[in-house]
Amino acid sequence: MTAAFFLVDGNSFYCSCERAFDPKLRGKPVVVLSNNDGCVISRTAEAKALGVAMGEPWHLARRRPELAAVRWFSSNYPLYADMSRRMFEVMASFSPDIEPYSIDEMFLSMEGEAGELLETAKSVHEEVLRVAKIPTCVGIGPTKTIAKLANKHAKNSPDLRGVCDLGSPEARTELFRTWPVSEVWGIGPRSSAKLAAHGVRTVAEFLDMPSALVRREMSVVGARTQDELRGVPCLPLSLSPPTRKNVAATRTFGTPIEGRATEEAVAAFACRAAERLRKLGLAARHISVFLRTGEFREGPRHSCLASAAIEPTADSLFLSAVAARLARENLREGIAYAKGGVMLGDLSPAGETADLLPSRDPVRSSRLMQAIDAVSARHGRNALRPAACGTTDRWAPRQGNLGNRFTTDIRELLKAKA
DNA sequence: TCTGGGGTCCTAGGACCC
DNA sequence: TCTGGGGTCCTAGGACCC
């Protein structure tokens with residue numbers, strides 16, 4: 001018996017979610033755009049073949065005549081989150097040892113004989129496609145880093161039919177000889193440049209580097225990556241989500257805004273962040289607010305950052321009022337801001353540390369928040385909102401082509417023709 | 001002439017991830 | 001008109017303590 005990690009990753013995940021509900025999109029080039037319909041954050045193989053790059057600004061790309069037929073969607077996170085949950089459920093039936101790593105990626109810890117593991121991986125691939133309607137690739141390796149690499153290799157090589165097993169040292173030696181070290185999980189542009197300066201370009205060359213040198217150039221993180229690539233597990237599966245340290249809500253505005261509208265925007269972000277905080281059962285002791293002018297526009301630049309220590313809370317009314325005040329005290333008259341956000345930090349479990357002299361009644365606050373969350377769940381987030389958020393949402397991002405929330409909103413169910 | 005040494009906590013910045 | 005929005009971890013250096 002050997003132990004192995006599987007990394008299961010949804011192919012073009014957001015696009016696949018849109019496709020799952022519209023068979024006409026099969027085989028067609030599809031892209032999903034970031035907030036504000038800004039850049040491409042997911043693209044199908046067909047779109048990639050037409051030359052659409054990840055992160056490319058769509059307003060420029062779409063002018064290219066060859067991209068006229070590309071179907072595009074504004075991102076629809078409630079749908080993607082729900083599809084992710086379905087994917088997780090299918091995979092959890094294969095192993096209880098499962099770690100959701102991102103919205104479209106999950107690590108599984110498995111045991112079995114070498115051939116057995118490969119067969120199991122094929123079954124995972126088929127079941128996720130059959131039940132959750134998401135095509136995936138599965139990478140197998142003795143460490144998480146190798147499983148990631150195996151997964152990427154499966155993505156690059158369609159003839160592997162979605163599954164790649166790098167469990168054996170022989171299989172790895174062959175691949176590592178040519179695999180660029182810059183494509184290893186954990187090695188970004190900075191480390192790649194440092195390695196290139198030492199003449200190191202492939203994984204094999206990286207493994208030949210003395211550990212002490214790797215440690216000096218890339219700290220313990222790089223040293224860990226090197227060990228993992230040698231087949232020594234350093235990164236365990238984490239079965240429970242780590243305790244959060246920050247919760248943030250930030251946005252680029254649909255169009256730049258000034259003065260009062262920016263106060264309303266950060267107040268709305270504070271509400272959004274507070275909502276997430278409550279869902280996590282946490283309270284924050286620190287709030288910070290930022291506003292920034294656009295990077296791509298002429299005109300005066302300004303960015304402001306303000307923060308405050310607060311009594312532990314997840315109260316939307318309080319947090320939105322503080323956020324609006326911080327903005328008001330720090331923003332500059334006549335400057336149009338393009339981007340802003342609220343970050344809540346210094347988190348602790350809600351109700352754990354009672355302030356000795358709380359200025360608000362925590363019981364009343366928590367009841368009020370429960371009521372607000374209940375109304376929002378039923379009638380949408382905008383049904384009930386603090387006055388500080390205003391009523392016009394002049395900051396709201398553009399969403400030019402939003403698909404339906406097929407699975408999470410009763411009003412947007414898929415309609416079947418009989 | 002000699003000018004401690006070790007520890008903790010905090011923050012800013014760097015690097016990386018999806 | 002239109003260029004994302006989240007996160008984490010590590011290190012270095014300063015402040016402070018005894």
Side-chain angles (χ1 to χ4, degrees), chain A residues 7-14 31-43 52-63 72-77 80-81 84 99-107 144-145 148 151-152 155 181-195 215-225 234-235 238 241-257 269 272-273 276-277 280 285-286 288 290 292-297 305 307 309 336 338-347 395-401:
Chain A
L7 177 71
V8 187
D9 181 329
N11 302 345
S12 315
F13 184 67
Y14 298 166
V31 300
V32 171
L33 306 180
S34 66
N35 233 305
N36 260 328
D37 296 336
C39 32
V40 175
I41 53 173
S42 179
R43 77 225 209 270
V52 180
M54 274 301 251
E56 197 174 9
W58 185 238
H59 72 101
L60 297 177
R62 65 185 305 183
R63 294 186 200 158
W72 63 275
F73 293 87
S74 308
S75 38
N76 182 355
Y77 287 101
Y80 309 150
S84 174
E99 173 192 338
Y101 175 65
S102 75
I103 194 163
D104 69 329
E105 277 176 73
M106 285 140 212
F107 283 107
K144 282 180 159 183
T145 305
K148 280 283 275 188
N151 177 280
K152 204 166 202 174
K155 283 233 153 80
V181 71
S182 58
E183 285 183 30
V184 170
W185 184 44
I187 300 190
R190 297 303 178 110
S191 300
S192 301
K194 280 184 193 164
L195 291 173
R215 165 76 232 238
R216 195 165 67 234
E217 292 278 355
M218 298 162 65
S219 88
V220 295
V221 185
R224 213 152 48 199
T225 299
C234 305
L235 304 169
S238 57
T243 47
R244 292 286 289 268
K245 302 199 165 70
N246 286 294
V247 171
T250 73
R251 282 286 174 284
T252 300
F253 308 134
T255 52
I257 51 175
F269 299 156
R272 200 72 64 90
R276 284 186 205 154
L277 215 51
L280 295 164
R285 284 196 195 76
H286 188 262
S288 64
F290 78 86
R292 214 173 282 155
T293 49
E295 299 160 61
F296 303 100
R297 238 170 216 265
L305 181 67
S307 62
K339 190 183 266 194
V342 168
M343 274 164 282
L344 303 176
D346 206 348
L347 307 182
W395 56 273
R398 255 179 296 272
Q399 290 192 313
N401 188 23

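Fair warning: this is a prediction, and the values are worked out from it, not measured in the lab. So that the names make sense, note that chain A is the first sequence line, chain B the second, and so on, each numbered from 1.
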Reading DNA chain C from 5' onward, which residue's closest nucleotide shows up sooner: A:Pro256 or A:Val221?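 Taking each residue's closest nucleotide, the earlier one in sequence belongs to A:Pro256.
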Residue whose closest nucleotide on DNA chain C lies nearer the 5' end, A:Gly254 versus A:Thr243: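 Counting from the 5' end, the first nearest nucleotide belongs to A:Gly254.
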Would you classify A:Arg292 as touching base, sugar-phosphate or nothing, given that sugar-phosphate means primed atoms plus P, OP1 and OP2, and contacts are heavy atoms under 4.0 Å?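 The residue A:Arg292 makes no contact with any strand.
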Could you pull out all residues at least two apart from [X] that satisfy side-chain contact (heavy atoms from CB on, under 4.5 Å)?
{"X": "A:Pro397", "value": "A:Asn35, A:Asn36, A:Arg251, A:Trp395"}
{"X": "A:Ala338", "value": "none"}
{"X": "A:Ser238", "value": "A:Glu99"}
{"X": "A:Ser288", "value": "A:His286, A:Ser307, A:Met343"}

Secondary-structure string, 5' to 3', Watson-Crick or G-U under 3.5 Å, | for another-strand partners, for DNA chain C: ....||||||||||||||
Residue list, side chain to side chain donor-acceptor pair (under 3.5 Å) with A:Asp104, at least two apart or on another chain: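 With sequence neighbours excluded, A:Asp104 shows a side chain to side chain donor-acceptor pair (under 3.5 Å) to A:Ser102, given in chain and number order.
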With sequence neighbours left out, write down each residue that passes side chain to side chain donor-acceptor pair (under 3.5 Å) with A:Ser12, or none if nothing qualifies.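 Residues passing side chain to side chain donor-acceptor pair (under 3.5 Å) with A:Ser12: none at all.
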Check nucleotides 4-6 of chain C against the protein and report each pair of N or O atoms closer than 3.5 Å, with its distance, or say if there are none.
from: C:dG4; atom 1: O4'; to: A:Ser34; atom 2: OG; distance (Å): 3.0
from: C:dG5; atom 1: OP1; to: A:Thr252; atom 2: N; distance (Å): 2.6
from: C:dG5; atom 1: OP2; to: A:Thr252; atom 2: N; distance (Å): 3.4
from: C:dG5; atom 1: OP2; to: A:Thr252; atom 2: OG1; distance (Å): 2.8
from: C:dG5; atom 1: O3'; to: A:Arg251; atom 2: NH1; distance (Å): 3.2
from: C:dG6; atom 1: OP1; to: A:Arg276; atom 2: NH1; distance (Å): 3.3
from: C:dG6; atom 1: OP1; to: A:Arg276; atom 2: NH2; distance (Å): 3.3
from: C:dG6; atom 1: OP2; to: A:Thr250; atom 2: N; distance (Å): 2.2
from: C:dG6; atom 1: OP2; to: A:Thr250; atom 2: O; distance (Å): 2.2
from: C:dG6; atom 1: OP2; to: A:Thr250; atom 2: OG1; distance (Å): 3.3
from: C:dG6; atom 1: OP2; to: A:Arg251; atom 2: NH1; distance (Å): 2.7
from: C:dG6; atom 1: O5'; to: A:Thr250; atom 2: OG1; distance (Å): 3.3

To the nearest Å, give me how far apart [atom1] ([X]) and [atom2] ([N]) are.
{"X": "A:Leu33", "N": "C:dT1", "atom1": "CG", "atom2": "P", "answer": "18 Å"}
{"X": "A:Met218", "N": "C:dC9", "atom1": "CE", "atom2": "P", "answer": "18 Å"}
{"X": "A:His59", "N": "C:dT3", "atom1": "NE2", "atom2": "P", "answer": "6 Å"}

Main-chain N/O of A:Asp37 paired to A:Ser74 side chain as donor or acceptor, under 3.5 Å: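 Absent.
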Is A:Ser75 reaching over with its side chain to a backbone N or O of A:Leu33, donor-acceptor style, under 3.5 angstrom?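 Such a contact is found between A:Ser75 side chain and A:Leu33 backbone.
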With a 3.5 Å cut-off and sequence neighbours excluded, list the donor-acceptor pairs that the side chains of residues 215-222 of chain A form with protein atoms.
from: A:Glu217; atom 1: OE2; to: A:His198; atom 2: NE2; distance (Å): 2.9
from: A:Ser219; atom 1: OG; to: A:Val221; atom 2: N; distance (Å): 3.3

What string of B, S and - do you get for nucleotides 13-18 of chain B, 5' to 3', if B is base contact, S is sugar-phosphate-only contact and - is no contact with any protein heavy atom under 4.0 Å? --SSSS
Kindly write out the residues that satisfy salt bridge (Lys or Arg N to Asp or Glu O under 4.0 Å) with A:Asp9, not counting sequence neighbours, or none if the list is empty.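 Residues passing salt bridge (Lys or Arg N to Asp or Glu O under 4.0 Å) with A:Asp9: A:Lys155.
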Say we look at B:dG4 and C:dC16: how far apart would their C1' atoms be, to the nearest angstrom?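 After rounding to an integer number of Å, I get 16 Å for this pair.
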Results of ring-ring contact (aromatic ring centres under 6.0 Å, His included) for A:Tyr101 - residues two or more places apart only: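 Testing A:Tyr101 for ring-ring contact (aromatic ring centres under 6.0 Å, His included), a comparison that skips the adjacent residues, returns A:Phe107, A:Trp185.
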